[in-house]
Amino acid sequence: MLILHRELGSSVDHLVKEFEAKWTPEVGDYSKKLVEFCSSKALIKFCQNIKEKISDGSYSRFTYDMMLAWDNPRAVEEESSTEESIGKEKEDRKIQVKEQTDQDDISLFYSDQMPLLVNHEPSVEEDAFMWLSSLVPLAADIVNRRFTFETLTAPTGKRLFYPAYDRFLKEIDNCMRHLQKQAKPKGIELADDEFILHVEGTATSQRVVRHIGGSSWPGRLTLTNCALYFEASGVINYEDALKIDLSRKIDHSVKPVATGPWGAPLFDKAIIYESPDLQEGVLLEFPEITSSTRRDHWLALIKEILLMHNFLSDFKVECPIQAWEMHARTILSIIRLHAAREMLRIAPPSPTEFLIFSLYEELPKGDYVLEQLAQNLKRVNSGQPCSASSILRKLNLPEPNVLSLEAKIESEVTETIAVGKDDDNKTALETAINQARKEGRGVAKARAVMEGLKEEGIGENATILTELLKPLRSVFLWFREILSWERPATTLLVFAAIILIVYKEWIGKALSAGLLLVVANMIRARQERLKDKQKEIVVCTGSDHTPSTRENIVSAQYGFLTVREIIKEANVTILKLHSVLVSRAHKHANTVMLAMIGLAIMFAVIPFKYLIIAVVFHSMITTSPLAKHMVNNQGGDRDRRLKEWWESIPPTPIRVINEAPVSPK
């Protein structure tokens, strides 16, 4: 409270009276709401001079104490802890010069020493970090704050300690200062709303090489929130920059590619940008010895800018204030990623955990989150004092001529917190985020099993496929016997049955019976609990015959060049189907069973000839130009839903053994 008194110039009693005049018991916990009310008023003042507050450590100290107070608003020693915070503030300022010399060792400190603080220092929980992020989008954005918190607290057991939080904010400030010092691309005049986000290829950074045919040109690569610039290195200075406009609504793409001497695809460390305006793609390589981390980092940043402009175009965000706010949030997300990579040098974080659009491009139901984000963004009429655009301006980042009526917002923010009003738009956005996050976990588990299966060699994949197809082998042999007339009586009987079914128009009933038979087998498998009895499919790779080395090499080479990828994908598909059939994926099995029952009823009730007519008409309509245009606008969401549903099915685990099982006598 002493800090609040100093910053706001109001006594504690005055703040309490102002809060109680608007508070009612129905809005929730008195203590927590009081903390939120006072904190929001102080944050508005802090954001007016946030650059200096971050540099001297007062912002990180105050906001961290805010989160601690929000976690435990009824703490008995609240006043004493506040006084201690002031003492820590002064001490932090005294040792600021000493901290600057230790920045090179921060990643080692964070990874090795931070876990020792788990049981000795106070820490912040996830909900408190999320609450602060909803007020000030500096440490995290509201749409990816959970992911940011999980990444920052991975070394410390999902608990955020002050040294890490303070260092993260200071790294954000350092990254901002570093980017502001970067030289503009030669021969290019940046737009008013254009800000440099990443630069490499300079004398103090790693090389970037552009490949044109068989020649290579090193140079400087600059990424802004609107374009990508490459300047080839000259004898003394850089040549005029090549501009790749990322803001245009055209069919352009960027993807990873392999390069090498004379165009040989030997090193997977490059990206290629392609668009209809270019006769050939722009190929850029990021040389490094071991991994392709630099390439992946650049690829993620470029995709984020492309996705941001697609978002603004798809949802028709035309208001300059709203568009710049989204630009500012994207810029801050990229700066947070830079800061996290500096702080976590030993194990750099995944870019998608900090980037907004790349994250929800990958997550299931991510398009729902972006739709809610667009609805929230369209209700922004002026910049709030603690909004992303305002923070960038206070950090000395020039912005376009966008009005920011902050004075009118201050009273609205504090009053909303005091009376406990819930923003319906934020509630809908949070619901969509939680749903995407929940389904993302299921997809991640399913992908983990699939990746483990895909790592198997060609020989083991062939053995697995052979074992999985054993039940179909007898059916295939039976059909071959029918078609080859090896059993004439059986062949005649089958042909007679087919002719009778077609003549009597019993095709629908036959299909209905087949689907119901599959449903009956699935119900039987559920009742017999086959998913518990057969937790995994055991595949034996043992054999009585040991092939020679030459045979193994020839077989492996042939298989790798022909069917390896097909076999792996087939294995994953069959294991997913097996998981559904035995109800390992209970929700998906229910969906399949309901779909089969619905199809069975449809085939049983509606004459099949009318279904055939409907299919023909549907094919005629969907191939027309008008229908193609309509399908292109709606088919993407349908295909995405189906793909997400399929990817979320966990395949049945596979365990490979080398010894043949003992047969019962």
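The figures that follow rest on heavy atoms only: side chains count, while hydrogens, waters and symmetry mates do not.
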Participant: Keeping the roles fixed (side chain from R341, backbone from H338), state whether a donor-acceptor pair exists under 3.5 Å.
Facilitator: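 A pair under 3.5 Å: no.
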Participant: In terms of side-chain heavy atoms, does H211 have a donor or acceptor partner in S216 at a distance below 3.5 Å?
Facilitator: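 Yes - a donor-acceptor pair under 3.5 Å links their side chains.
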Participant: Taking the six-membered ring for Trp, are H309 and H327 closer than 6.0 Å centroid to centroid?
Facilitator: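 For H309 and H327, the ring centres are under 6.0 Å apart.
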Participant: Any salt bridge between E325 and R329, counting N to O under 4.0 Å?
Facilitator: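 Salt bridge between E325 and R329, a charged N being under 4.0 Å from a carboxylate O: no.
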Participant: Go through the steps to decide whether S253 and Y273 satisfy the test side chain to side chain donor-acceptor pair (under 3.5 Å), and finish with yes or no.
Facilitator: CA-CA 6 Å; S253 64; Y273 171 84; over 6 Å; no
Participant: We want to know whether S58 and D56 form a side-chain donor-acceptor pair, criterion being a heavy-atom distance below 3.5 angstrom.
Facilitator: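 Judged by distance alone, the side chains do pair up.
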Participant: Test your reading of the model: is there a side-chain donor-acceptor pair from E231 to the backbone of K186, 3.5 Å cut-off?
Facilitator: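 At least one qualifying donor-acceptor pair exists.
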Participant: Can Y162 and S60 be said to form a side chain to side chain donor-acceptor pair (under 3.5 Å), step by step?
Facilitator: CA-CA 8 Å; Y162 176 72; S60 60; 3.2 Å; yes
Participant: If you count the non-hydrogen atoms of other residues, nucleotides and ligands that lie under 6.0 Å from CH2 in W217, is the total more than 12?
Facilitator: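 It does not: W217 CH2 has 12 such atoms or fewer within range.
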Participant: Nearest 0.5 Å, please: how far is CD1 in I305 from OG in S247?
Facilitator: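 Answer for the OG-CD1 pair, S247 versus I305, is 10.5 Å.
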Participant: May I ask you to check whether over 12 heavy atoms, not counting those of N237, lie within 6.0 Å of atom CG?
Facilitator: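 More than 12 within 6.0 Å, yes.
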Participant: Indicate yes or no for a side-chain donor-acceptor contact from E285 to the backbone of V208 under 3.5 Å, with no hydrogens or angles considered.
Facilitator: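 No, because the side chain of E285 does not come within donor-acceptor range (under 3.5 Å) of the backbone of V208.
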Participant: Once the angle between the rings of F311 and F357 is folded into 0 to 90°, is it parallel (under 30°), tilted (30 to 60°) or perpendicular (over 60°)?
Facilitator: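 Plane angle between 30° and 60°, so tilted.
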Participant: Taking all heavy atoms of S133 and all of F129, pick out the closest pair and write down the distance.
Facilitator: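 Residues S133 and F129, closest heavy atoms: OG-O, 2.8 Å.
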Participant: Do the side chain of Q182 and the main chain of V199 share a donor and acceptor less than 3.5 angstrom apart?
Facilitator: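 Side chain of Q182 to backbone of V199, a donor-acceptor pair under 3.5 Å: no, none is there.
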Participant: Walk me through whether S205 and E200 qualify under side chain to side chain donor-acceptor pair (under 3.5 Å).
Facilitator: CA-CA 6 Å; S205 61; E200 278 193 336; 5.9 Å; no
Participant: Give the intermediate values and the outcome of side chain to side chain donor-acceptor pair (under 3.5 Å) for residues S387 and S390.
Facilitator: CA-CA 5 Å; S387 65; S390 298; 3.1 Å; yes
Participant: Cut-off 3.5 Å, side chains only: do T153 and T156 have a donor facing an acceptor?
Facilitator: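 No - no donor-acceptor pair under 3.5 Å links their side chains.
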Participant: Are a donor atom and an acceptor atom from the side chains of E439 and Q435 found within less than 3.5 Å of each other?
Facilitator: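 Side chains of E439 and Q435: pair found under 3.5 Å.
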Participant: Quick one: does any side-chain atom of Y238 pair with a main-chain N or O of F230 as donor and acceptor, under 3.5 Å?
Facilitator: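 Side chain of Y238 to backbone of F230: no pair is present.
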Participant: Under the salt bridge (charged side-chain N to carboxylate O under 4.0 Å, His left out) criterion, do R146 and E430 qualify, and how do the steps go?
Facilitator: CA-CA 11 Å; R146 289 187 184 273; E430 186 64 24; 3.7 Å; yes
Participant: For F354, run the side-chain contact (heavy atoms from CB on, under 4.5 Å) check against T151, I334, L359, L332 and tell me which one passes.
Facilitator: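 Going through T151, I334, L359, L332 one by one, the side-chain contact (heavy atoms from CB on, under 4.5 Å) with F354 is satisfied by T151 alone.
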Participant: Could you tell me whether K643 atom NZ has more than 12 heavy atoms of other residues or ligands within 6.0 Å of it?
Facilitator: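 No, NZ of K643 has 12 or fewer neighbouring heavy atoms, counting only those of other groups under 6.0 Å.
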Participant: Atom CD in Q206, atom CD in E288: separation rounded to 0.5 Å?
Facilitator: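 Separation between the atoms: 6.5 Å.
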Participant: Taking the six-membered ring of F46 (Phe, Tyr or Trp), confirm whether the NZ or CZ of K53 is under 6.0 Å from its centre and within 45° of its axis.
Facilitator: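 Cation-pi check for K53 and F46: passes.
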Participant: Would you call D141-R145 a salt bridge at under 4.0 Å N-O?
Facilitator: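 No, no charged N to carboxylate O under 4.0 Å.
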Participant: Step through the shown structure and confirm whether more than 12 heavy atoms of other residues, nucleotides or ligands are within 6.0 Å of CD on E52.
Facilitator: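 Result for CD/E52: enclosed.
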Participant: Could you pull out the closest heavy-atom pair between V317 and L377, with the gap in Å?
Facilitator: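 Closest heavy-atom pair between V317 and L377: CG1-CD2, 4.0 Å.
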Participant: Are more than 12 heavy atoms from other residues, nucleotides or ligands located less than 6.0 Å from atom NZ of K181?
Facilitator: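 12 or below, so no.
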Participant: Any donor-acceptor pair under 3.5 Å linking the side-chain atoms of H252 with those of E274?
Facilitator: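 No, H252 and E274 have no side-chain donor paired with an acceptor closer than 3.5 Å.
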